[in-house]
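Report on the following structure.
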Amino acid sequence: MSELQGLVKELGLPKFTAKQITDWLYKKQISSIDEMTNLSKNARDLLNERFEFGLTGYTRVQVSLDGTKKYLFPTIQNKFIETAMIPERDRKTVCVSSQVGCKMGCLFCFTAKQGFQGQLSAGEIINQIKSIEEAGEVTNIVYMGMGEPFDNLDEVIKSLEILTSDWGFAMSPRRITVSTIGIIPGMLSFLEKCEAHLAVSLHTPFQEERQRLMPVQVAYPIEEVVQEIKSWDFGRQRRISFEYILFEGLNDSKEHVSELARLLSGLKCRINLIRFHPVPGTPLKSPDEKTMQHFKDELNKKGILTTVRASRGEDIYAACGLLSTKELVKNG
Ligand code: SF4
């Protein structure tokens with residue numbers, strides 16, 4: 001909002017114009033600046049000179065056997081991003097991308113193989129929610145698509161502000177979860193400025209093992225990430241969860257269970273166990289169902305609330321860690 005107020009001032013327009021514009025942008029269904037009828041002709045002309053208005057449509061949609069959809073969107077910089085829509089009985093969750101590709105290099109992630117190809121603007125993040133076929137039915141949003149949200153902090157925070165402010169889409173922050181691999185400064189800034197839930201990718205509690213899976217461990221060790229979280233007051237409604245991808249024979253032992261219990265002791269949180277989806281070119285393997293259930297049960301016995309996240313959209317490469325638009329960039 002402050003950015004818009006600054007712009008209105010710069011254009012020499014009355015202060016209340018900012019509120020009028022947000023009402024048109026986020027509360028009403030219009031498709032051009034000329035439809036902002038309570039703005040003066042001069043104001044509309046000035047805005048038309050400076051801005052393009054409207055949503056960017058998707059260029060492809062794939063539908064999984066389980067109903068999950070994967071949308072492909074072009075970006076301003078002529079690249080492509082992917083967005084997943086996961087339908088469940090009583091909700092429709094959109095998994096948005098925050099960057100084109102990613103520079104974090106996690107060993108198990110297909111997006112990492114694409115490398116980093118650019119940041120998304122707040123508008124491009126929101127466009128992924130507003131330009132899909134289910135736009136009017138979205139109940140939940142997760143920032144778990146391509147990219148590390150806190151490596152694009154300003155635009156991610158701006159998008160969250162637009163989604164949750166009264167002057168914006170007025171969505172409850174309790175319906176939004178932002179996932180990070182643990183970039184501490186960005187995480188603290190997010191916790192301070194926004195009320196949405198936080199999910200942290202943990203994957204192993206052991207220092208060296210995590211470093212091999214996730215290079216970010218060198219700069220921001222998980223021990224420090226958890227310490228920061230433990231010292232934060234989350235209130236009663238805000239949730240903190242940890243994502244744990246299970247790899248066969250790597251992070252599924254009883255030592256992992258004990259160390260996780262030690263690391264997370266005293267913290268009110270939940271672990272979401274995710275089965276690894278094989279990525280071409282990695283030596284990592286998927287565990288079987290029995291191992292998943294056993295690991296879950298052992299964590300629950302230690303008092304850590306743990307659930308298994310159902311895999312969705314694997315057949316169309318929409319499942320966790322499988323988003324990539326590398327080939328499209330090359331050919332596009
Ligand atoms: S898991 Fe997330 S942070 Fe890691 S490389 Fe993939 S997109 Fe980036």
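FYI, the numbering just counts along the sequence from 1. Keep in mind that the numbers below use all heavy atoms, side chains included, and drop hydrogens, waters and symmetry copies. Counting convention: from 1, in listed order, for ligands and their atoms alike.
Taking all heavy atoms of G182, S98, G147 into account, the minimum distance to atom 2 (Fe) of ligand 1 is reached by G147.
Checking N251 against E209 by side-chain atom types alone, no donor-acceptor pair falls below 3.5 Å. For E148 and T180, the side-chain atoms include at least one donor-acceptor pair closer than 3.5 Å.
Applying the 4.5 Å side-chain rule to ILVMFWY residues, one finds V142 in the same cluster as M144.
Here atom 4 (Fe) of ligand 1 has protein N, O or S atoms under 2.8 Å from it, and they come to 1.
With sequence neighbours excluded, the residues satisfying side chain to side chain contact (heavy atoms under 4.5 Å, CB included) with P221 are Q207, Q217, E224. In this structure, E161 has no side-chain hydrogen bond (donor to acceptor under 3.5 Å, both in side chains) partners at least two apart in sequence or on a different chain.
To the nearest 0.5 Å, atom CG of residue D23 and atom CG of residue N38 are 8.0 Å apart.
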